[in-house]
Number of protein chains: 2
Amino acid sequence: MKACDYTRDNMTDLLRQHGINPTHQRIEIAYALFSHQEHLCADQVMAIVNAKHSETSKATVYNTLNLFQEKGMIREVIVDPSKVFYDPNTHPHHHFYNIATGELTDIDVDDIGLTGLPQLPPGMVTEGVDIIVRVRPTA
Amino acid sequence: MKACDYTRDNMTDLLRQHGINPTHQRIEIAYALFSHQEHLCADQVMAIVNAKHSETSKATVYNTLNLFQEKGMIREVIVDPSKVFYDPNTHPHHHFYNIATGELTDIDVDDIGLTGLPQLPPGMVTEGVDIIVRVRPTA
DNA sequence: CAATTATTTGGAATGTGTCTAATTTGTTTT
DNA sequence: AAAACAAATTAGACACATTCCAAATAATTG
């Protein structure tokens with residue numbers, strides 16, 4: 001699905017597929033994330049959604065992003081100690097993080113081979129593996 | 001060097017080796033981190049350092065941890081959106097993160113093979129690679 | 001010792017994110 | 001369609017980690 005294919009109607013379906021009741025605010029927040037195809041943080045989402053006229057409160061933005069994440073519709077990316085980024089790409093993948101600009105770029109997981117992870121202690125399961133390659137412009 | 005080998009005198013040398021002027025507070029903070037050999041966050045460091053009598057202010061703890069990190073004496077670990085952990089182990093290594101307890105465990109880098117990282121854009125250099133394996137107890 | 005520089009400090013300020021109780025919205029029921 | 005109920009949203013207060021700042025202290029130099 002190309003970025004230009006994301007419509008508010010698509011979002012309604014997507015929300016339903018994840019067992020989320022589609023409301024105005026939820027549709028707008030989902031649309032903001034998916035149509036931009038970028039890694040946005042909460043206040044960026046809020047700015048986009050309220051660009052024309054104020055529509056959605058801060059509390060709803062945070063509630064909704066957390067809800068989307070719990071339902072597996074988006075992913076949290078924790079690279080910056082000061083804020084969480086949300087990633088509409090839920091396919092397994094990793095990230096370049098430009099420490100100078102804060103920019104995040106996806107790394108396709110197909111390219112990557114990761115071997116030699118030690119065995120987990122009994123009773124533990126892996127929830128996910130995050131690989132973050134921190135990069136910066138040559139000094 | 002075993003954990004029991006970390007003394008305040010060692011810390012003085014270690015600070016000097018990293019071009020840091022050793023002061024009372026800096027020695028105590030370094031000692032707290034290295035003698036514990038654990039992943040501590042700022043307020044844990046502060047609690048340890050001020051356990052007997054209040055010696056070091058919050059501002060100094062934060063300043064000092066940032067200084068140590070800039071000088072490459074310790075490493076930041078960003079896994080929890082709410083706080084930064086500091087890691088006295090600067091050898092390349094990765095982490096298990098227990099999302100239920102917040103516990104961090106080292107993974108030796110020698111065991112790990114990572115291949116297929118895409119080429120960096122020109123003018124960019126890798127600053128570091130962080131691999132975080134998020135684990136949880138079986139439900 | 002006086003002068004200068006480096007370090008530490010308390011407390012105010014910032015910014016992200018959560019909580020709460022009240023309202024609004026939407027859906028059933030009758 | 002009104003009444004009853006549940007779900008979602010809201011404003012604003014709150015919590016917390018971290019940073020900022022200007023003043024005080026400590027250390028170093030001439």
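Side chains are part of it too, since the values below use all heavy atoms of this structure and drop only hydrogens, waters and symmetry mates. The chains referred to below are lettered A, B, ... by the order of the sequence lines, with proteins before strands, and numbering in each begins at 1.
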Base C/dG17 to side chain A/Lys58, donor-acceptor N/O within 3.5 Å cut-off: yes
4.5 Å side-chain heavy-atom contact, B/Phe96 and B/Glu103: no
Of the listed nucleotides D/dG12, D/dT18, C/dT8, the one nearest the side chain of B/Thr64: C/dT8
Closest nucleotide among D/dT9, C/dT8, D/dG12 to the B/Thr60 side chain: C/dT8
Interatomic distance, A/Asn50 CG vs D/dT9 P [rounded to whole Å]: 13 Å
side-chain N/O B/Gln25 vs D/dA26 OP1/OP2, d < 4.0 Å: no
Worked verdict on A/Asp106 versus A/His91 for side-chain hydrogen bond (donor to acceptor under 3.5 Å, both in side chains): CA-CA 10 Å; A/Asp106 285 355; A/His91 296 112; over 6 Å; no
A/Asp13 side-chain N/O to A/Asn10 backbone N/O, donor-acceptor pair under 3.5 Å: no
Closest to the B/Asn21 side chain, choosing from C/dT7, D/dA8, D/dT18: C/dT7
B/Ile78 CD1 - C/dT16 C1' separation (whole Å): 15 Å
B/Glu55 CD to C/dG10 P, straight-line distance once rounded to whole Å: 12 Å
Qualifying residue for side chain to side chain contact (heavy atoms under 4.5 Å, CB included) with B/Tyr86, from B/Leu40, B/Leu33, B/Ile29, B/Val77: B/Leu33
B/Lys83 (side chain) and D/dT18 (base): donor-acceptor pair under 3.5 Å: no
Interatomic distance where CG belongs to B/Leu15 and P belongs to C/dT7 [whole Å]: 11 Å
For atom CG of B/Leu65 and atom P of C/dT7, their distance in whole Å: 16 Å
Aromatic plane relationship, A/His39 with A/His95 - under 30° parallel, 30 to 60° tilted, over 60° perpendicular: perpendicular
Selection from D/dA7, C/dT7, D/dA17 that lies nearest to any side-chain heavy atom of B/Tyr62: D/dA17
Whole-Å distance separating the CG atom of A/Asn66 from the P atom of D/dA8: 15 Å
Separation of D/dA17 P from B/Asp43 CG (nearest whole Å): 6 Å
Whole-Å gap separating C1' (C/dA6) and CG (B/Leu67): 12 Å
From C/dT9, C/dC19, C/dG17, nucleotide with atom closest to B/Thr56 side chain: C/dT9
Nearest to side-chain heavy atoms of A/Asn63, which nucleotide of D/dT18, C/dG17, D/dT10: D/dT10
